[in-house]
Amino acid sequence: MRDLFEQEEEGLSIPIVPGAVLLRGFANDIAQQLLGDLERVLASSPWRHMTTPGGFRMSVAMTNCGTLGWVSDRTGYRYDRVDPASGEPWPAMPATFLQLAAQAAAAAGFDRFVPDACLVNRYEAGARLSLHQDRDERDYAQPIVSASLGLPATFLFGGIRRADKSRRLSLAHGDVVVWGGPARLSHHGILPLKEGEHPLTGRCRINLTFRKAG
DNA sequence: AAGTACCC
DNA sequence: GCGT
């Protein structure tokens, strides 16, 4: 019953596990500015489907902004200063992105969060991200901030061990999840996106994931 | 490896 | 649905 109650809360901090919190609707007021800034990022570094080290095409389309961008190809996962598609540095992180990330982190108890990487994910119907850990960053003392825009999705949030039981959380437009400290290496993922239409993003979900990678 | 296939 |  507690879960049903939580699903209906708005504008509140909802604890998930120690070190992880869902900030319901935290990005609502700034969502249109974020999406406008994203258009300028995409003009330099457009969407692309990366390849896993196993050689499979990821269903989620991605790009990055900030001094470091997350990249996957046949050689592995890494952060790189350069967009491999353009040969140029990733676009600068927009001020609105930095502000959202810092304010969300602070609201979750992580002060002075200054991300140097923003991975942008676009989910269309059927796109998914299987359960994984964010472990390519240098300093696990730095939290992860993940903002949802557009269509809703089911977020899986598990434990440190892959076999730990995962919780399912419905994430809606404007929701922000922050995890760090004891939850920093929690497994997480997104179930296949359902079809739908959102007034601001159309038939997709956009996710902004902020990290201090370097 | 953030993926798939296949097995139990 | 889980592990490999």
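First the proteins, then the strands, lettered A, B, ... as listed; each starts at 1.
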Enquirer: Could you give the CZ-to-P distance, from Arg135(A) to dA2(B), as a whole number of Å?
Expert: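 Roughly 10 Å, once rounded to whole Å.
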
Enquirer: So what's dT4(B) paired with, Watson-Crick or G-U wobble, going by both distances under 3.5 Å?
Expert: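 Pairing partner, where one exists within any strand: none, as none qualifies.
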
Enquirer: Can you find a donor-acceptor N/O pair under 3.5 angstrom joining the side chain of Asp73(A) to the base of dA1(B)?
Expert: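 Result: no qualifying N/O pair found.
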
Enquirer: Find the distance Tyr77(A):OH to dA2(B):P and express it as a whole number of Å.
Expert: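 Checked: the OH to P distance equals 4 Å.
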
Enquirer: Search all heavy atoms of Ser13(A) against all heavy atoms of Leu23(A) and return the closest pair with its distance.
Expert: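 So the two residues come closest at OG-CD2, 3.2 Å.
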
Enquirer: Measure from CZ on Phe157(A) to P on dA2(B) and round the result to the nearest Å.
Expert: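 The answer, rounded to whole Å, is 17 Å.
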
Enquirer: Atom CZ of Arg74(A) to atom P of dA2(B): distance rounded to whole Å?
Expert: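 From Arg74(A) CZ to dA2(B) P: 16 Å.
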
Enquirer: What is the distance from NE2 of His132(A) to P of dG3(B), rounded to the nearest Å?
Expert: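 From His132(A) NE2 to dG3(B) P: 8 Å.
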
Enquirer: Remember a base hit wins even if backbone is also touched, and classify Arg128(A) as base, sugar-phosphate or nothing at under 4.0 Å, heavy atoms.
Expert: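 Sugar-phosphate, backbone atoms only, no base.
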
Enquirer: Among dG3(C), dG3(B), dA2(B), which nucleotide has an atom closest to any side-chain atom of Ala163(A)?
Expert: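 Between dG3(C), dG3(B), dA2(B), the one nearest the side chain of Ala163(A) would be dG3(C).
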
Enquirer: Partner of dC2(C) by Watson-Crick or G-U wobble geometry, both contacts under 3.5 Å, or none?
Expert: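 Check on dC2(C): unpaired, no WC or wobble geometry under 3.5 Å.
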
Enquirer: Can you classify the ring geometry of Trp179(A) versus Phe157(A) as parallel (below 30°), tilted (30 to 60°) or perpendicular (above 60°)?
Expert: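 Trp179(A) vs Phe157(A) ring planes: perpendicular.
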
Enquirer: Taking all atoms of both residues into account, what is the closest heavy-atom pair of Leu193(A) and Pro152(A), and its distance?
Expert: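 So the two residues come closest at CD1-O, 3.3 Å.
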
Enquirer: Rounded to the nearest 0.5 Å, what separates atom CG in Asn207(A) from atom CE in Met62(A)?
Expert: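 Here the rounded value is 9.0 Å.
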
Enquirer: Does Thr52(A) reach a base, just sugar-phosphate, or nothing at all? Heavy atoms under 4.0 Å.
Expert: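 Sugar-phosphate contact only.
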
Enquirer: State whether Ser130(A) places a side-chain N or O below 4.0 Å from either non-bridging phosphate oxygen (OP1 or OP2) of dG3(B).
Expert: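 Looking at the OP1 and OP2 atoms of dG3(B), one of them is under 4.0 Å from a side-chain N or O of Ser130(A).
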
Enquirer: If I take atom CZ in residue Arg162(A) and atom C1' in nucleotide dA2(B), what distance separates them, rounded to the nearest angstrom?
Expert: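 In whole Å, dA2(B) C1' and Arg162(A) CZ are 10 Å from each other.
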
Enquirer: Whole angstrom is fine here: how far is it from CG in Leu131(A) over to P in dT4(C)?
Expert: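 Interatomic distance, CG of Leu131(A) to P of dT4(C): 15 Å.
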
Enquirer: Nearest 0.5 Å, please: how far is CG in Leu68(A) from SG in Cys118(A)?
Expert: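 One finds 12.0 Å between SG of Cys118(A) and CG of Leu68(A).
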
Enquirer: Figure out the CG/P separation between Leu185(A) and dA1(B), and round it to whole Å.
Expert: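 The distance from CG of Leu185(A) to P of dA1(B) comes to 18 Å, rounded to the nearest Å.
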
